[in-house]
Amino acid sequence: MIDLHYWPTPNGKKLTIQLEESSIDYSVVYCEIGRGGQFEEEFLRISPNNRMPAIVDHDPEDRGEALAVFESGSCMLYLAEKCKKFGGSSRREKWEVNQWLMWQMANQGPKTGERGHFARLKDREGDQSYALRRFNDELHRLYGVMNNRLYDRRYLAGDNYTIADMACYPWSIGWEAQGIDLDEFKYVRRWINELSERPALQKGMAVGSELTQDYSKLSENEVKSIVSLLYNQRARPAPQTGGILD
Ligand SMILES: N[C@@H](CCC(=O)N[C@@H](CS)C(=O)NCC(=O)O)C(=O)O
């Protein structure tokens with residue numbers, strides 16, 4: 001059994017899609033990031049970067065104690081290896097998958113996230129026009145990278161649907177809110193349309209959807225409290241004694 005520490009965001013949904021597609025038994029442990037669930041000691045022992053998703057495998061291959069993994073990309077690699085599905089069926093295909101998974105983790109996810117951050121500020125912290133231009137351009141470039149990749153391939157890694165597609169999909173369906181015109185990226189549109197038909201993917205995307213918050217419907221104070229938790233985070237102090245320096 002896998003515990004999935006989760007909140008319904010694109011990073012979380014990568015994992016619900018994979019777990020559903022792979023028919024793995026899992027239970028969802030909600031980590032409510034707008035209320036500080038990511039800073040609880042128990043969660044930090046699983047995910048020291050105070051970010052979800054993370055998984056705990058209660059039945060690891062070595063039959064040892066429960067095994068925790070954080071960072072969505074490494075959780076996906078772990079599960080793909082565990083159930084021998086969606087991680088590439090040959091060595092060559094595996095490296096195609098890994099490259100596109102790393103591309104998602106290092107490019108599509110962070111750049112889209114930063115674009116959203118500056119767009120939500122709406123000049124409340126001064127003029128955001130350069131930051132917005134920078135990330136709008138980056139996002140446009142990244143849609144172009146995917147579009148070129150999918151021009152003559154059915155899936156990101158080639159002929160087979162893999163964790164690379166599952167990682168990129170939840171971030172790509174937000175194209176409209178991200179200021180992207182999908183008419184410019186017709187090979188991405190074809191890929192989104194094909195994936196959207198998959199019942200397991202639909203089930204994964206729906207996990208926790210009743211918890212998704214519409215910020216425009218929250219009170220000013222509720223928004224302030226979420227913003228103070230999620231923005232401007234700085235280092236958590238390490239213990240002063242009892243460590244490697246003593
Ligand atoms: N690179 C990380 C990013 C995870 C991430 O940014 N998670 C966000 C939600 S989508 C989060 O937990 N945010 C909590 C916070 O900012 O404190 C991954 O892919 O797992």
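In listed order, ligands and their atoms are each counted from 1. Note that the numbering runs from 1 along the sequence shown for the chain.
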> Using a plain distance cutoff, I'd like to know if Leu229 has any nitrogen or oxygen under 3.5 Å from a nitrogen or oxygen of ligand 1.
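By distance alone, the answer is no.
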
> Using distance alone, with no hydrogens and no angle criterion, decide if Thr16 and Tyr26 have a side-chain donor and acceptor under 3.5 Å apart.
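On atom types as modelled, these side chains do not qualify, holding no pair under 3.5 Å.
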
> Does the N or O separation between Glu71 and ligand 1 drop below 3.5 Å for any pair?
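Yes; the residue has a nitrogen or oxygen that sits under 3.5 Å from a nitrogen or oxygen of the ligand.
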
> Quick one: nearest non-hydrogen protein atom to atom 19 (O) of ligand 1, plus distance?
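Checked against all protein heavy atoms, atom 19 (O) of ligand 1 sits closest to Ser72 OG, 2.6 Å.
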
> Does the ring center of His5 lie less than 6.0 Å from the ring center of Phe70?
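His5 vs Phe70: aromatic centres not under 6.0 Å.
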
> List ligand 1 atoms under 4.0 Å from Asn50, heavy atoms only on the residue side.
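With Asn50 as reference, the close atoms of ligand 1 come out as 14 (C), 15 (C), 17 (O).
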
> Report the nearest protein non-hydrogen atom to atom 10 (S) of ligand 1: residue, atom name, distance rounded to 0.1 Å.
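So the nearest neighbour among protein heavy atoms is Thr9 OG1, 3.1 Å.
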
> Is it true that the side chains of Tyr161 and Glu194 contain a donor and an acceptor less than 3.5 Å apart?
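Glu194 and Tyr161 do not have a side-chain donor-acceptor pair below 3.5 Å.
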
> Please list the nearest protein heavy atom to atom 3 (C) of ligand 1 with its residue and the distance rounded to 0.1 Å.
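Looking only at protein heavy atoms, the one closest to atom 3 (C) of ligand 1 is Asn11 ND2, 3.6 Å.
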
> If you compare all heavy atoms of Met52 against all heavy atoms of Thr9, which two are closest, and at what distance to 0.1 Å?
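Scanning both residues, the minimum pair turns out to be CE-OG1, 3.0 Å.
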
> Whether the Glu222 and Ser219 side chains hold a donor-acceptor pair (N or O, under 3.5 Å, no angle test) is what I'd like checked.
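Looking only at side-chain atoms, Ser219 and Glu222 do form a donor-acceptor pair, the distance falling under 3.5 Å.
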
> May I have the step-by-step check of salt bridge (charged side-chain N to carboxylate O under 4.0 Å, His left out) for Arg149 and Glu96, ending in yes or no?
CA-CA 11 Å; Arg149 178 69 183 174; Glu96 294 291 343; 2.9 Å; yes

> Can you name the atoms of ligand 1, numbered from 1 with element, that are less than 4.0 Å from a heavy atom of Pro53?
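Matching atoms, with element in brackets: 20 (O).
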
> When you compare the side chain of Tyr78 with that of Glu71, does any pair of heavy atoms fall below 4.5 Å?
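Contact flag for Glu71/Tyr78 side chains = no.
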
> If you count the atoms of ligand 1 from 1 in the order shown, which ones are under 4.0 Å from a heavy atom of Met105?
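The list of qualifying atoms is 1 (N), 18 (C), 19 (O).
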
> Give the atom numbers and elements of ligand 1 that come within less than 4.0 Å of a heavy atom of Gln233.
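Result: 15 (C), 16 (O), 17 (O).
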
> Will you find, in the side chains of Gln18 and Ser22, an N or O donor that is under 3.5 Å from an N or O acceptor?
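Not at all, the side chains of Gln18 and Ser22 share no donor-acceptor pair under 3.5 Å.
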
> Please state which part of Asn49 comes within less than 4.0 Å of ligand 1, counting heavy atoms only: side chain, backbone, both or neither.
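Contact part for Asn49 vs ligand 1: neither.
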
> Any side chain to side chain donor-acceptor pair (under 3.5 Å) pairs touching residues 33-48, not counting sequence neighbours?
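Found Glu32-Arg35.
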
> Which heavy atom of the protein is the closest neighbour of atom 13 (N) of ligand 1, given with residue, atom name and distance?
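Nearest protein contact, heavy atoms only, for atom 13 (N) of ligand 1 is Arg51 CD, 3.4 Å.
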
> Pull out every atom of ligand 1 sitting under 4.0 Å from any heavy atom of Gln38, numbered as shown with elements.
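Going through ligand 1 atom by atom, the ones under 4.0 Å from Gln38 are 14 (C), 15 (C), 17 (O).
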
> For atom 12 (O) of ligand 1, which candidate among Lys13, His5, Met52, Lys14 holds the nearest heavy atom?
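Of the listed residues, Met52 has the closest heavy atom.
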
